[in-house]
Amino acid sequence: FKPAPAKNGKGTYTILMPPPNVTGKLHMGHALDHTVQDVLVRFKRMQGFETLWVPGQDHAGIATQAKVEEKIFKEEGKTKHDLGREEFLKRVWAWKEEHGDHIIEQIKKLGDSCDWDYFTFTMDEIPHKAVNKFFVDMYNEGLIYQDNYIINWDPKLQSAISDAEVDHEEVQGNFYHIHYKVKDSNALLEVATTRPETLFGDTAVAVNPNDDRFEHLIGKKAIVPICNREVTIVADTHVDMEKGTGCLKVTPGHDFNDYEIGKRHELEIMNILNKDGTLNDNAEAVKGLTAKEARKKTVELLEELGQLVKVEAHTHQVGHSQRSGEIVEPMVSKQWFLNTKEMADTSVKEVENGNMTFFPKGWENTYFSYQKNPRPWCISRQLWWGHQIPVYECAECGHQWASEETPHVCPTCDSTAFKQDSDVLDTWFSSGLFPLNTLGWPDEEAMKEKGFDKFYPTSTLVTGFDIIFFWVARMMMMCNKATGKSPFDHVYIHAIVRDKDGVKMSKSLGNVIDPLDIISKYGCDALRFTLAVSSGYNRNINLDPEKVEGYRNFVNKVWNAFRFIYPYLENANDKGFEVDDLHHHERWILAELNDVTKKVTESFEEYRFDDGCNAIYAFVYDKFCSWFIELSKGILNSENQNLKAQRANVFKHCFKEIMKLLHPVTPFISEEIWGYLKTEDEDLLISQEYPVYKEELNFSEDVYNMERFIEITSSIRNLRSQANIKPKEEIEVRFFTDDEELAKYFFKSRGYFKELARVKSGKIKDKSIERPTKSIMRATPHTEIFVPLEGVIDIHEYIEKLNNDLKKAEKEFEKVEKKLKNPKFIENAPDEVVEEVKGKAQGFEEKMKSIQNSLEGLS
RNA sequence: GGGCGUUUAGCUCAGCUGGGAGAGCGCUACCCUUACAAGGUAGAUGUCGGCGGUUCGAUCCCGUCAACGCCCACCA
C-alpha cells in the first residue's frame, strides 16, 4: 500500500481520505466513499503511478466532547466544570485511546489500500503546528480578528456555531400583530412578529422610507409594550412594504437583519438572553423563562394590555443546530472571525480557470453559490476539546498577541501573568489544513520525510456533496492561502446512499443497512462491485440488498469459471501465443478483451465507475463465459495437444487480464485467483501493470463473424424452443444465404453449431433453392434458418409469430424507406449515414421477403 | 423568495458532440446439459412527463407547462 517509484513515465497520484470522526461508526456512505477511492488508487497504482492514499481521523470537537461529557455525567454524576479543563481533557484523550480505533478497524474490512504510516489524527503534533502557524499568520495579517458580532448561538452546547452548521427547518408558528404606541401621538403602529418575546430587546421600530402610511412618524418615538421603553422610529429600505404590516420591530441583539439595520442607524444592542437561552434581567417581566415560555407569557401580558391585535398561523423557516438539534439563537457575542473574502475569491477563480475541476461538473454551481458572498467565518467555539486558540493576553499590560509556541513571557512587558484565550477552534479549521498537515506541513523535516513536494497538490478528492462547503471550499481557501496552490486537481462528488425506496437511511426510521452485515452475508467484493457499478455522475444510490446479491452471484460466476478452467491450465506452456497461429475464436476473444480494456480504462479515468464495471461484467459474463468457454470445450477435451496447449495459453492470458481489470473493484477474489495463475517471478496482483489497449489485437473481421455466429446460434435455439425440441435431441438445420463469405464461415463453424445448438447436420444453400416443407423458419437480414418440424407445434401460434416478426420488419423498413424517399435527407445527411440507411433498408427488405415466402408456403 | 436538479421497460438507472430505444434486477416458458440452479436457454414489456419550435431527421438542441426532489436565503 506504500507508494512505489513511478513506472512507464507516470507521475504521482495522491488521494486524501476524508477523515472519519473518532466518534464515528462505519456506514454505507463510508463504504461508497472508500470503495471509489480504493478503486482509483488500485487502478492508478497498477497503471504505474507513484500512488499514495492518506488515511486520517478527525477529532470532531463537538461530537466527541458531548459524548465524553455524557459518559462522565452518567457514570460519576459530574459535569466537566466539576473536573476542570485539564482533567476533562485527560478523560477525552483516554476515551479516544480506548474507542478511537473502532471505526479504523471497521474501515480495514473494506479492503482499503491506504498507507497507514501516513495516518494523521487532526490533534497530532503536526496538525497542531499547522493550525497554529496558519492562525498566527492570519492574525498577523489582520484576517483573523476578534469582534462583537451577531452569531448563531447553540443554547444546548453553549457555544457559537458557524453559519454552515445551521439547518433551516420549516416550523409551524404564529404571526403576532402587536400595537406599539407612538409618543406624543394617538397613532398606533401595528407590528408583526413571529417572536414577540424579543420585544424586550427592541431598540427601534423600522418602516420603509417610501411608505407614505408611516412617513409622518419617522423620527418620532415608539413605546415598546410591557417594558415601556422609548425607541426611535427609523426609515430603512430593508423593510418590505408588502410583508407583514410594513412595520418592523428592530431587535439588533437577536436577529441578523435587525443587527444590520442597527448598524446602519447606530442603534443600541441589547442582549436579553443568558447563555442557556433563557431570558435575562433585561427582560424583567419574563426573566428566567425559556424562549418558548417567555413567548407565551409575553403574549398573555400583551393581551392584558390590549395591545395584541391578532394572531395568525404562519409557517416559517427556523434555524436549528446541526449538532444538537436545538433552535439556534442569534446573539451578539465576542468571537474570533476569519475574513474569507479574498480566499473565497481565489478558490472560485481556481475552479473557473480550470486549475481544479469538479466531476460531475454540475457541482461547481453549488460550490460557487457558497462562496460568492462570504460572510466572516466564526471560528471560535466555547468548547474544551479542540485546538485552543493561540492568542495570549497579558494581565499586566493588556497586550494581546498570537504565538505558534507557548510563550514564556509577555513580549512587551516581560510579565508572566498572561493567559491563553480559552476558546478552541472550529473543527473545520484543522480539517481545512488536512492536505497540508498530512504531508508534514509546516514542519520542514516532516515535509521532506513525507514527500510534500512530490505529493502536494494531491490528485483527486472523493467526497459527498454535503461537505462541499464545510470541507472542500475550506481546504481550497486555506491551502491556497498557505501555499498558493489548490490542494487537488479533481474533486469527484459521489452519490448519497439511500435505502431501496430512495429514503435517506436513519436510525429512527430503522432503514439503515450496515456495510458489515452486507459484507458478512455477501462478501466485500460483492458490496464493492455493487457500489462501484452504481457510481457515475448520479446523485442518489438506492441500495437494495438484492442488488448486492446479484453482484455476489457475478463474483461467484467468476470463481466458477476459474474453477472450470483451472484443470486445463496444466496444458499451458507459458510461451504465450503467436498472433499468426491464433484460432479465429481466440482472435475474437482477444479483440473483445482489448475493447473492454479500453472502455474500462477510459471510464475509470473520468470517474464513470458504472460504465467501467458494466463493461467488465458484460464481457466476463456474456462474451467470456457464455461463448468463449462454451466454444472451447471441444478443443479442451480433444486429443490435439497443440490446440489444447494454445487454447490453455489463451485462457490463461485472458484470465490473468480479467483479474487485472477486476482487481481495483474486487481485490479479494482477483488476488486469490491470481495466486493460482501467476508465474514464480510474478509478484502480487496489486502490483501488476494494468492492461493496455493494443491496436494490433483489434481483429474486427473475427468480431464481425462472431456476431453472425451468435445471431444464428441463438436463432436455432429459439426455433428449438418454439418446437419444444428436447435439449439433448440433435436436429437437422438448413441455412439459406446469398452471402458467400458468410456461407463459408458457417461451413467452417459447423462443428460449433453442433456443440452449441445440437445441430446434427446442416446444409448451406443460396436463396434460389427451394425451401423445405414441414419446417419452421426464422429470418435474419442475411440468412434464413429452417428446422424440420419434429415435435408438435401449434401451427396458428407459429403463423402468428411469423406475422409478428413480419410486422416488426415492415415497421423498421418503412421507417428507413421514408427517409430514403425524402430528397432532403439524401441531400443533407452525410453520405455515410445515407449508405448505412440504404444497407439497413436492404436487410429489412430481405427479411420481409423471407418471412412472406414462408407464410405463403403455409397457407 | 432565489437557484439547481430529476422525469426513459414493473423497479433502479445508463444513453457521449442529434441518424435504427439499452443494462441490471424482476417477470414468463422450458431445462439438474459433463464450471456454475447463487445456474442455463429462450421470451415479453417503452405515446423516452405534456405541448410547441429548430432540423432532412429530436430521448438528445431551444421555448413553455406540469409533477417530484434538493440546496441556498435574515425566524417581520
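Sequence lines set the chain letters: A, B, ... in the order given, protein chains first and strands last, and positions in each chain run from 1.
- If you take NZ of A:K824 and P of B:U54, they are 12 Å apart, rounded to a whole angstrom.
- A close approach under 4.0 Å does occur between a side-chain nitrogen or oxygen of A:Y617 and OP1 or OP2 of B:C25.
- For the pair A:K840 NZ and B:G57 C1', the computed distance is 12 Å after rounding to whole Å.
- With sequence neighbours left out, A:F709 forms a ring pair (Phe, Tyr, Trp, His ring centres under 6.0 Å) with A:F753.
- Separating the CD1 atom of A:I327 from the C1' atom of B:C75 is a distance of 9 Å, rounded to the nearest angstrom.
- Scanning for ring pair (Phe, Tyr, Trp, His ring centres under 6.0 Å) contacts around A:Y367 gives A:F358, with sequence neighbours left out.
- A donor-acceptor pair shorter than 3.5 Å can be found between the side chains of A:S321 and A:D154.
- Of the C1' atoms belonging to B:G39 and B:G46, the separation is 29 Å, rounded to the nearest Å.
- Proximity of A:K808 to the phosphate of B:A44: a side-chain N or O atom is located under 4.0 Å from OP1 or OP2.
- Position along RNA chain B of the nearest nucleotide to A:E546 versus A:H254 favours A:E546 as the more 5'-ward residue.
- The interatomic distance linking A:K819 (NZ) with B:U55 (C1') rounds to 12 Å, in whole Å.
- Across every non-hydrogen atom of A:W559 and A:E672, the tightest pair is CZ3-CG, 4.0 Å.
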>> Protein within reach of the bases, or only the backbone? For nucleotides 32-42 of chain B, mark each nucleotide 5' to 3' as B, S or -, using heavy atoms under 4.0 Å.
In response: -SBBB-BSSSS
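- Evaluation of the side chain to side chain donor-acceptor pair (under 3.5 Å) rule for A:E835 yields no partner, not counting sequence neighbours.
- Of all the heavy atoms in A:V665 and A:D525, the pair that sits closest is O-OD1, 4.4 Å.
- For A:Y621, the ring pair (Phe, Tyr, Trp, His ring centres under 6.0 Å) partners at least two apart in sequence or on another chain are A:Y617.
- A salt bridge links A:E836 to A:K840: one of the charged nitrogens lies within less than 4.0 Å of a carboxylate oxygen.
- Using a 4.0 Å heavy-atom criterion, one finds that A:D544 contacts no nucleic acid atom at all.
- Results of the ring-ring contact (aromatic ring centres under 6.0 Å, His included) test with A:F651 over A:F624, A:Y566, A:F564, A:F562 single out A:F624 as the only residue that passes.
- If you take atom C1' in B:G18 and the same atom in B:U33, they sit 47 Å apart, rounded to whole Å.
- Look at CG on A:L273: it is 18 Å from P on B:C75, rounded to the nearest Å.
- Every side-chain contact (heavy atoms from CB on, under 4.5 Å) that A:T530 has, sequence neighbours left out, goes to A:S534, A:L543, A:K547, A:V548, A:Y551.
- Between A:L569 and A:Y676 there is no side-chain heavy-atom pair separated by less than 4.5 Å.
- Heavy atoms of A:V816 sit nowhere under 4.0 angstrom from any nucleic acid atom.
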Report, one pair per line, the protein and nucleotides 5-8 of chain B atoms (nitrogen or oxygen only) whose separation is under 3.5 Å.
none

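- A:E827 comes within 4.0 angstrom of no nucleic acid atom, judged by non-hydrogen atoms across all strands.
- Residue A:K292 qualifies as open at atom NZ: its count of foreign heavy atoms under 6.0 Å is 12 or below.
- Taking a pair as Watson-Crick or G-U wobble with both distances under 3.5 Å, RNA chain B forms stems of 3 or more consecutive pairs at B:1-7 with B:66-72, B:10-13 with B:22-25, B:27-31 with B:39-43, B:49-53 with B:61-65.
- With rounding to whole Å, A:K811 atom NZ is found 12 Å from B:A21 atom C1'.
- Along RNA chain B, the nucleotide nearest A:E836 and the nucleotide nearest A:Y537 are compared for position; the residue whose nucleotide lies closer to the 5' end is A:Y537.
- Spacing between B:G10 and B:G19 at atom C1', rounded to whole Å, works out to 31 Å.
- Side-chain contact between A:D202 and A:Y180 is present, with heavy atoms from C-beta onward closer than 4.5 Å.
- As rounded to whole Å, 12 Å separates atom C1' of B:C30 from atom CZ of A:R720.
- Residue A:K815 is in sugar-phosphate contact alone, with no base atom involved, counting any heavy-atom pair closer than 4.0 Å across all strands shown.
- The stretch residues 603-615 of chain A comes close to RNA chain B through A:R608, A:D611, each having a heavy atom under 4.0 Å from the strand.
- Remark: A:P330 engages A:I150, A:R195, A:F256 in a side-chain contact (heavy atoms from CB on, under 4.5 Å) (not counting sequence neighbours).
- Comparing B:U47 with B:U8, their P atoms sit 11 Å apart, to the nearest whole Å.
- Separation of the C1' atoms belonging to B:G63 and B:C25 is 38 Å when rounded to the nearest angstrom.
- Here the separation of B:A44 from B:C4, taken at their P atoms, is 43 Å to the nearest Å.
- Separation of the C1' atoms belonging to B:U45 and B:C31 is 24 Å when rounded to the nearest angstrom.
- Looking at heavy-atom distances under 4.0 Å, A:P330 makes contact with a base.
- A gap of 11 Å separates the P atoms of B:C48 and B:A21, to the nearest Å.
- Within 4.0 Å of A:V555, counting heavy atoms only, lies no atom of the nucleic acid at all.
- Qualifying ring pair (Phe, Tyr, Trp, His ring centres under 6.0 Å) partners for A:F604, counting only residues two or more places apart in sequence or in other chains: A:F43, A:F609.
- When rounded to the nearest whole Å, the span between CD1 of A:I541 and C1' of B:C11 equals 16 Å.
- For A:D255, counting side-chain heavy atoms from C-beta on, the closest listed nucleotide (B:C75, B:C13, B:G24) is B:C75.
- Residue pairs meeting the salt bridge (charged side-chain N to carboxylate O under 4.0 Å, His left out) criterion with at least one partner in residues 552-571 of chain A, sequence neighbours excluded, are A:E549-A:R552.
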